[in-house]
Number of protein chains: 2
Amino acid sequence: MNNFEWGPTLRVGPAKAHKTLTEETLARLRRDIVSGAFEAGQKVKSEDLKKRYQVGTSPIREALFQLVSEGLVRSDGQRGFRVAELRQEELLDITDWRARLECEALRRAIATGDMEWEARAVAAFHRLKRVEGQSGLDPTEAADLWEDHHRAFHFALYSACGSPWLLRFCELLIQHGERYRRAYITYPRISSSIAAEHQAIMDAAMARDAEKAADLLETHIRHAADLALAHATGRPGPGASPAKARRASGPKSEREPTQEAARKPRTRQRNA
Amino acid sequence: MNNFEWGPTLRVGPAKAHKTLTEETLARLRRDIVSGAFEAGQKVKSEDLKKRYQVGTSPIREALFQLVSEGLVRSDGQRGFRVAELRQEELLDITDWRARLECEALRRAIATGDMEWEARAVAAFHRLKRVEGQSGLDPTEAADLWEDHHRAFHFALYSACGSPWLLRFCELLIQHGERYRRAYITYPRISSSIAAEHQAIMDAAMARDAEKAADLLETHIRHAADLALAHATGRPGPGASPAKARRASGPKSEREPTQEAARKPRTRQRNA
DNA sequence: TTCCGACGGAATTTCGAAAATTTGACACTC
DNA sequence: GAGTGTCAAATTTTCGAAATTCCGTCGGAA
């Protein structure tokens, strides 16, 4: 039950062969949303995305719909799509569930994980450390790289939990947690204390001390959220332009419709 | 935080206006998969679906991708889609998490729910009872109707839990749980004991007895799963044609490729 | 002025056909 | 007979354009 696959979200390695354009676009779009390349609440026009990713209408829409289901994008009737908003309230919700579910996953993995699991964890941890030591990279690239391996490390720890659904929930929550973090905290900011936390979790896990590992993990998760929250409150506020919106597409006219345009019902032909 | 929306999955009422064809197709396809109109593991050809739902390529694919994310459909590289398999192992997993998460949701709702929540629950329960009393319907239709209202009743109970993510998780799990149930148990089988369980849960919830309600709910969930499991083990086994596969499309040739056809890598142009 | 409906540009949704890929079959060699 | 390469049909993926819908604006009536 280990080779559980849902999306290719958390795979760092060689990845599935026979990728379709849709899958590729999905991965890129998801990464761009999580990394903050698009602003929260921003309208995403398929025309822009087509230019940005150099693909046709179908892959774009197919990817968008999958992201809707993941909660990163919202679909507005026949009014297109927009990036999900960021609300502090939701960050609290996500953090609570991350603490509950990821700790549970870790406990189970420690209880039942075999040598292969240990090997995966050790390998992922090693990669993370190496990436942290790396210097001289473009900040954006460095952030992306670190986040990828950070995610992979956490996921490797849970990978032996034995419950596909738990793993899936963790996957979703981690993704969203990362988005909040990256929206509020500017890089580079891989503080050594975070690295130390990882080390401690890793040690406890390998020593098969489930309770200690879970405690450390919970602290780690809440710590990250607190940090984000602290930064958030000292800022314009959620939804109001966190991070820079890098790699944004050209200076298009954008025409954001008036925020809450009067929504009077009209006559309609179809779908009567 | 109550008006949380993800998919239109669990809405019974008036539903969002301005439906697009994709949304409609998504709802229909989801319902058909959950209800067992498609067999588990079956390949779904877009050509068939186009004929079945009378729409073009795009709505079909867009709906399919959303269902992939929900776990009801799996996407096979460039080899199309197939309905997710049913494995007893997974039913156990789903049941465990349903018990944990739905009970938690119910507890929270009881703790913080207001009058409006009570009203929603009472209304949903009333509808469920009325539907159960109804007679003289086509069995298929009756099953669909009952399931819709059963789902809505459970969801109404949780709707005041205050956590969007918890609600979303419950939504997904309920959906999958229903699929297993309907795959293994043939209708009509709305035993009076189930109705009694609902009544008891409802009473405890309205009396704000969180612990009792949660206990009853857990029993209810496990009871349903046990029933399904009992039927499953006395059958060909999961994945091997449970339920009837009603409303199946025309007697097409179906051409199921040999289960594990030798998968030798070929030369490829794109995505090199 | 304010409300209402129609008009037209912009964006989204949907379709159908072209391009690419998979799959099974057939012939050929070893 | 087993293994291998080629070919054509079936299927999926992708594109681009047509159809539909939305949204702001303008003009006219109360």
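Chain naming here is simple, since letters A, B, ... match the order of the sequence lines and numbering starts at 1 in each.
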Proximity to the side chain of A/Pro59 - top-ranked nucleotide from D/dC15, C/dT22, C/dT13: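 Among the listed nucleotides, the one closest to the side chain of A/Pro59 is D/dC15.
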Nearest-nucleotide wise, let me know which of B/Glu47 and B/Ser58 is further upstream toward the 5' end of DNA chain D.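 Final value for this comparison: B/Glu47.
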Calculate the interatomic distance between [X] atom [atom1] and [N] atom [atom2]; express it in whole Å.
X	N	atom1	atom2	value
A/Lys50	D/dC15	NZ	P	9 Å
A/Leu64	C/dA11	CG	C1'	14 Å
B/Lys43	C/dT21	NZ	C1'	12 Å
B/Leu21	C/dC15	CG	C1'	10 Å
A/Lys19	D/dT14	NZ	C1'	17 Å
A/Arg79	C/dT12	CZ	P	12 Å
B/Glu62	D/dT13	CD	P	14 Å
B/Lys51	C/dC15	NZ	P	16 Å

Taking the side chain as everything from C-beta on, heavy atoms only, tell me whether A/Leu49 gets closer than 4.5 Å to A/Thr25.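 SC-SC contact between A/Leu49 and A/Thr25 ruled out.
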Establish, with yes or no, whether the OP1 or OP2 oxygen of C/dT14 is under 4.0 angstrom from a side-chain nitrogen or oxygen of B/Thr57.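 Result: no.
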Is any side-chain N or O of B/Thr22 closer than 4.0 Å to OP1 or OP2 of C/dT13?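 No, because none of the side-chain N or O atoms of B/Thr22 sits under 4.0 Å from OP1 or OP2 of C/dT13.
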Look at the rings of B/His154 and B/His150 and say which category their plane angle falls in: under 30° parallel, 30 to 60° tilted, over 60° perpendicular.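 Perpendicular, since the angle between the ring planes exceeds 60°.
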Side-chain (A/Gln54) to main-chain (A/Lys51) donor-acceptor, under 3.5 angstrom: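 Yes, A/Gln54 side chain to A/Lys51 backbone: donor-acceptor pair under 3.5 Å.
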Between B/Trp165 and A/Glu90, is a side chain to side chain contact (heavy atoms under 4.5 Å, CB included) present by the stated rule, with each step listed? CA-CA 9 Å; B/Trp165 280 92; A/Glu90 200 199 3; 2.9 Å; yes
